[in-house]
Structures are given as C-alpha cells and as structure tokens.
Amino acid sequence: MSGEREDKVREEVRSRYEQIAGSGRGCCVGEICCSSAGPDPLASLRLGYGLEDLRAAPVGSDMGLGCGNPQAIANLKQGEVVLDLGS
C-alpha cells in the first residue's frame, strides 16, 4: 500500500472512531451500526471477557468495538507480555 493510501485509510479509521466515541452510543453512528439497540451487551462475554472484567470496566467504556480478549485466547504463560494494539 502506498504511503498516501495508508494515510487516507488511517485518517478514515480515525474519523470513524471519533464519530463513535463522540456519540456516546457505542458503535451505532449513522451507517456505522451494530444494531438499532446499540452494542450487544453479551458481545464482550462472547469475546472472552468474564463478568468480573465487565463489572470492573468504567460505565460507558464498552462501545461494542472489541475483537477479543488477548488474555483469554492467547494461552499466556507466566512472565509473557501482551501489547494490545486496539483502537
């Protein structure tokens, strides 16, 4: 991918995340919509987060944008480090 195209894609992603974060409604913004009701409350459970994880998260922080819990799916060993490059 050319540098100019990469910049365009990066800017589009930033713009979409800005719309989502600014809406306060999670992933449902205009054509960016996961469902008419907002983020699926069970989606984070299906992505590998436990109830304790979800209870510990700040209210409003689950915007329906996750793609998985690296701690639950990576079979980590003691001393290994995870770099989560999420949004």
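Because only heavy atoms are used, hydrogens play no part in the values below, and waters and symmetry mates are left out as well, while side chains stay in. The residues of the chain are indexed from 1 along the displayed sequence.
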Apply side-chain contact (heavy atoms from CB on, under 4.5 Å) to Leu76 and Val81, showing your working.
-> CA-CA 8 Å; Leu76 296 172; Val81 175; over 6 Å; no

Glu12 bridged to Arg16 by N-O distance under 4.0 Å =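 Judged by the 4.0 Å cut-off on N to carboxylate O distance, Glu12 and Arg16 do form a salt bridge.
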
Could you state the interatomic distance from CG (Leu54) to CD (Glu52), rounded to the nearest 0.5 Å?
->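 The distance works out to 10.0 Å.
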
